[in-house]
Structures are given as structure tokens and as C-alpha cells.
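Since the structure comes first, as C-alpha cells, the remarks are kept for the end.
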Amino acid sequence: MELTSPKCSIVVTGRNDNYGGNFIGRFQSFVDVLAPQILEYRPLFELVVVEWNPPVDKEKIASAVNWRGAEGKGIVRIIQVPNIIHNSLENSEKIQLFEFLGKNAGIRRSRGDFVLITNPDILFTEELIRLIAMETLEPKGFYRIDRYDFRSLRERVGNNQVNYITSAKENVFQVHIRPDNRKLSTLKISSEMVREYTRTGNWPGTVHGNDSNSTVQNPISELGDDGINGGVFSNASGDFVLTHRNNLDGVRGFPEFTDTITSLDSYLCFQLKAWGCTQYHFAPPCMILHEDHSREEFAKRPKSSDKKKMNDLIKILEGNLGPALNGENWGLARHELEEEYV
């Protein structure tokens, strides 16, 4: 098998536990869209899947997913974090997937110069992948994007990449943006608005707001310090943070707290800002689309208070906490993890 020397590693984590309902189906949609994209730009991309604490009674992700022609190309790697490691962590009986520890394990073992951290129920538009493939990203920047949520119509679409992106856009119902003092962090979108945005390409979002008459000449813009919380754009950041691996090494990844599952993605954005990174934003037609799902199970897991989170984030920006919150062995560095190429 020919191995690639990627410029960008795409890192996700998960387990075949049906989290959110139809987890493997959503994962399959992710692969259906992403696999042709990274094959087209081979060898610029690799996909690193960290399978955390796989259920003993369920099929492994490697065989549960159809990899759409990426098999044997050296571009999809699956890293196993076994039950014995999971069970050694505090609260392992309450939290079956330590998402951000898994992502850290993938970050440390990724081979790209840049690392895109996302989730396996996200769809990337072709324009976004093409722009990343141009290799014009700033090494001392971190890149964010608005998240567009859509209601799934998979049974009516099938596996066609273009049709699925089109269907996702047509079924968007909300978008998560960078809030400021005038604007909420989640914009609700009606079906009439979707039709207008689809026709014009002027989707609502962080850069051009909710004005369908505005346009964005450059899909990448620098975000300043204006807005709330020092202007850091951390909303839905677990679904998309893109930065150079040197920055992730500098801040030592996501905080590896085991007493909460909430807001650790926000910590990373504030840590990167404190590390001296400039934040940038991708605007449409560079988009990510998120397949909506149940959060009933998520609500049962341990969470930290909003007060603690905000106190920590302000301390990070002020230089009183971090920016690196983990030790040098972050990302399970001391463990030899089993790995395979699909």
C-alpha cells in the first residue's frame, strides 16, 4: 500500500454505540462526501479516525462503514483506544467516549502540517476542501467556520455526493455563528429563507450577517477582537478547528478533563488565541453542514458549570491560566495504540 505525505490531517473520534441515533448512518454520510474529496486531492489529505472504547458487542467502525474507494490508498487510518485505557480514567462509567481525549490522541499521531479537527456527522462543501488544498493557510492562524444544521433526508438521497450536499443545504434550519452584542449565536432559518440563500449563495453567518443583499468577495477573512468574550469565535468549534500542528503542540491540545464533556472545544479556541494565533473565518460557499440528531444521551453526561467555564476562559485570555493546560504526555503519548489503514 502506498502511503501519503499529507499536508492536512482530518481528525475525528467516535464509537459504534448509536450515539444520537443512526450514528453509523451519519458517519457513512460523512465518508460518502469526504472520501471523493480527499481522493481528488490526494495526497494532500489524510483522515484519522480514533475509535474510542469500542463496544465489545458491536461491529468495529472499519468494517461498519463503506469507505467509498479510499481502501488501500493509505489515506484513512483508524487508531484504537481500548477499553482498558478508557476504564483507567475517572468517570469512565459515566462517560463512554472521552471525545476530546480521543481527538488529542489523533492530533498527536496525525502526520499533516495542518490539522482539521471535526466530527463524523459533518459535510464539507467542495469549495471549502478546494480552498484548504490550495495550501495558502497562515501557519500562525486558526480557522473557524459557521455550522449549518440540516434535517437528514438520507433515504431520499442515497450516496451521491453532489445530491447530498444539495439536499443538506435545502434542509438547513439553523446556523451557529460568532455572536456579538447585537446578534444571537444561533440563527433560525425558514424554508423560504433557505430557498433565497440557495439561489443567491449569500447565506447568513458571521461575516455578512443576516443580510441576503450582502456579498463576500474573499471567503477567508480575519476576525478581530471585537464582540463578546474578547471576540474569540468558539461556537460549535468541536465541529471545526483548523490550525498548524505547531500551534496544537504549543497549547497541548484540548484540556483533558474527565469530569465534564462540555465546552472543551471552546477552551481550545481561547488557548490558541492566548498562544498568539490570529483567528480567521471561512464564509460561504465554504461551508460545513451538520446532520441534526438527538441529544438525549448527551444531556445525561457530567457537565461543568457555565460560571467555571467563563472564569477559566477569561483567565486564559488574561494569561493567568495556560495556554497549555495539559502535561507533556497529552494525547495518550505514553501509550502505544493499535492502528490500521483501511
Side-chain angles (χ1 to χ4, degrees), residues 10 12-14 18-34 99 116-129 143-157 161-180 183-212 216 219 233-242 261-266 269 281-299 301:
I10 300 172
V12 301
T13 188
N18 203 35
Y19 169 73
N22 193 31
F23 173 76
I24 291 297
R26 287 182 284 122
F27 200 128
Q28 186 63 63
S29 301
F30 167 75
V31 172
D32 287 346
V33 174
L34 181 62
E99 175 186 344
L116 168 53
I117 310 147
T118 186
N119 283 320
D121 54 7
I122 295 293
L123 311 181
F124 304 102
T125 61
E126 176 62 31
E127 293 87 351
L128 174 59
I129 295 296
Y143 292 79
R144 295 284 293 108
I145 198 167
D146 302 326
R147 191 188 86 187
Y148 294 82
D149 292 344
F150 70 96
R151 296 183 177 90
S152 175
L153 289 177
R154 180 176 181 81
E155 65 277 6
R156 292 168 52 186
V157 178
Q161 174 193 0
V162 175
N163 287 350
Y164 204 55
I165 289 287
T166 300
S167 176
K169 288 181 179 180
E170 291 174 348
N171 289 278
V172 166
F173 65 96
Q174 65 184 12
V175 54
H176 303 271
I177 68 171
R178 179 187 186 225
D180 59 27
K183 196 182 304 177
L184 297 175
S185 60
T186 302
L187 300 176
K188 299 295 182 181
I189 304 177
S190 68
S191 57
E192 292 79 10
M193 295 163 70
V194 166
R195 284 193 288 270
E196 175 67 13
Y197 298 142
T198 302
R199 183 181 66 82
T200 64
N202 295 324
W203 289 85
T206 294
V207 172
H208 52 247
N210 199 17
D211 178 6
S212 61
V216 176
F233 182 16
S234 62
N235 191 14
S237 51
D239 291 295
F240 190 98
V241 173
L242 170 63
I261 60 168
T262 58
S263 302
L264 300 185
D265 49 351
S266 295
C269 294
H281 176 264
F282 288 104
C286 299
M287 301 170 67
I288 64 169
L289 299 125
H290 169 255
E291 188 166 350
D292 193 44
H293 57 83
S294 168
R295 289 164 181 79
E296 181 179 355
E297 183 181 342
F298 183 90
R301 298 177 181 179

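Along the sequence shown, the residues carry numbers beginning at 1.
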Report the relative orientation of the aromatic rings in Tyr148 and Trp203; use parallel for angles under 30°, tilted for 30 to 60°, perpendicular for over 60°.
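Tyr148 and Trp203: perpendicular rings.
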What class does the angle between the rings of His281 and Phe233 fall in, given that below 30° is parallel, 30 to 60° is tilted and above 60° is perpendicular?
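Because their plane-to-plane angle lies in the 30° to 60° range, the rings of His281 and Phe233 count as tilted.
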Donor-acceptor contact present, side-chain [X] to main-chain [Y], <3.5 Å:
X: Asp146; Y: Gly205; value: no
X: Ser237; Y: Asp265; value: yes
X: Ser167; Y: Asn163; value: no
X: Ser263; Y: Ser266; value: no
X: Thr186; Y: His176; value: no
X: Asn235; Y: Ile177; value: yes

Where [X] and [Y] come nearest, the two heavy atoms and their spacing:
X: Val194; Y: Lys169; result: CG1-O, 3.3 Å
X: Gly201; Y: Pro284; result: O-CB, 4.1 Å
X: Ile145; Y: Leu128; result: CD1-CD2, 3.9 Å
X: Tyr197; Y: Asn202; result: CD2-O, 3.2 Å

Distance from Phe240 atom CZ to Arg147 atom CZ, nearest 0.5 Å?
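So the gap between those two atoms works out to 13.5 Å.
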Arg144: partners by salt bridge (charged side-chain N to carboxylate O under 4.0 Å, His left out), with sequence neighbours left out:
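With sequence neighbours excluded, Arg144 shows a salt bridge (charged side-chain N to carboxylate O under 4.0 Å, His left out) to no residue whatsoever.
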Partners passing salt bridge (charged side-chain N to carboxylate O under 4.0 Å, His left out) against Asp121 (at least two apart in sequence or in another chain)
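Testing Asp121 for salt bridge (charged side-chain N to carboxylate O under 4.0 Å, His left out), a comparison that skips the adjacent residues, returns Arg26.
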With sequence neighbours excluded, tell me which residues meet side chain to side chain contact (heavy atoms under 4.5 Å, CB included) with Ser191.
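Applying side chain to side chain contact (heavy atoms under 4.5 Å, CB included) to Ser191 gives Arg195.
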Any heavy-atom pair between the side chains of Phe282 and Glu127 that's under 4.5 Å?
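They are not in side-chain contact.
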